[in-house]
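Contents: one structure, followed by commentary.
Computation of the quantities below employed the complete heavy-atom set of this structure, encompassing side-chain atoms and omitting hydrogens, waters and symmetry-equivalent molecules.
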Amino acid sequence: MRSYVGLLLLAVVVLALGPMVLEMPAMGDPSSPANNTVARKYVEDARTDTASINAVTAIIFDYRAYDTLGETTVLFTAVIAVFAVLAGTRRGGH
């Protein structure tokens, strides 16, 4: 019975996501949503908007600062969790 539930769940996921995957644009398609005006604006206006010489730095630290802060917070939390687990095993904990 349990294996049927897993197979049913797999079928539902495949039926829900299958059509979406088939509608995805081809890799490198210039008219795909990934190549939109926001990315073009970042590249073209990064120097004038942010006064930064490096476009990558301008995008990461000026345009996407909150996103970068979130990623840094997640990474910092993961490192602290690893240290906490390792410190617990050193003292004889499980």
Side-chain angles (χ1 to χ4, degrees):
M1 177 66 180
R2 200 169 221 184
S3 64
Y4 291 122
V5 173
L7 287 174
L8 179 65
L9 182 62
L10 178 65
V12 168
V13 169
V14 167
L15 288 173
L17 296 180
M20 293 179 205
V21 170
L22 293 175
E23 291 295 320
M24 288 177 63
M27 194 72 129
D29 182 12
S31 64
S32 73
N35 298 322
N36 59 18
T37 57
V38 174
R40 189 173 299 116
K41 182 200 179 340
Y42 281 177
V43 173
E44 291 174 357
D45 298 339
R47 196 158 191 198
T48 57
D49 288 349
T50 64
S52 176
I53 297 172
N54 189 339
V56 175
T57 304
I59 291 169
I60 290 175
F61 290 115
D62 288 331
Y63 291 131
R64 299 185 49 115
Y66 289 118
D67 184 46
T68 303
L69 179 65
E71 292 168 358
T72 305
T73 303
V74 169
L75 182 61
F76 178 74
T77 305
V79 168
I80 295 300
V82 168
F83 281 139
V85 168
L86 291 178
T89 57
R90 215 174 300 146
R91 289 188 210 136
H94 297 296

> Quick one: side-chain contact (heavy atoms from CB on, under 4.5 Å) partners of L17, sequence neighbours excluded?
Replying inline: V13, M20

> With sequence neighbours left out, what residues match V56 under side-chain contact (heavy atoms from CB on, under 4.5 Å)?
Replying inline: N54, I60

>> For D62, give me all partners under salt bridge (charged side-chain N to carboxylate O under 4.0 Å, His left out), at least two apart in sequence or on another chain.
In response: none

>> I need the full list of salt bridge (Lys or Arg N to Asp or Glu O under 4.0 Å) pairs touching residues 66-80, with sequence neighbours left out, sorted by first then second residue.
In response: R64-D67

> If you count the non-hydrogen atoms of other residues, nucleotides and ligands that lie under 6.0 Å from CG in L22, is the total more than 12?
Replying inline: yes

>> Under the ring pair (Phe, Tyr, Trp, His ring centres under 6.0 Å) definition, can you give me all pairs with a residue in residues 21-58, not counting sequence neighbours?
In response: Y42-Y63

> So, K41 and D49, do they make that salt bridge, N to O below 4.0 Å?
Replying inline: yes

> What pairs meet the salt bridge (Lys or Arg N to Asp or Glu O under 4.0 Å) rule with one or both residues in residues 15-32, with sequence neighbours excluded?
Replying inline: none

> Who else is in the cluster with L9 when I, L, V, M, F, W and Y are joined by side-chain contacts under 4.5 Å?
Replying inline: none

> With clusters built from Ile, Leu, Val, Met, Phe, Trp and Tyr whose side-chain heavy atoms come within less than 4.5 Å, directly or transitively, what are the remaining members of the cluster of F76, listed by chain and number?
Replying inline: I80

> What pairs of residues pass the ring pair (Phe, Tyr, Trp, His ring centres under 6.0 Å) test when at least one of them lies in residues 8-29, not counting sequence neighbours?
Replying inline: none

> Which residue pairs satisfy the ring pair (Phe, Tyr, Trp, His ring centres under 6.0 Å) criterion with at least one member in residues 9-36, sequence neighbours excluded?
Replying inline: none

> Linking Ile, Leu, Val, Met, Phe, Trp and Tyr through side-chain heavy atoms less than 4.5 Å apart, which residues share a cluster with V14?
Replying inline: L10

> Can you name the residues that form a side-chain contact (heavy atoms from CB on, under 4.5 Å) with T73, not counting sequence neighbours?
Replying inline: L69, T77

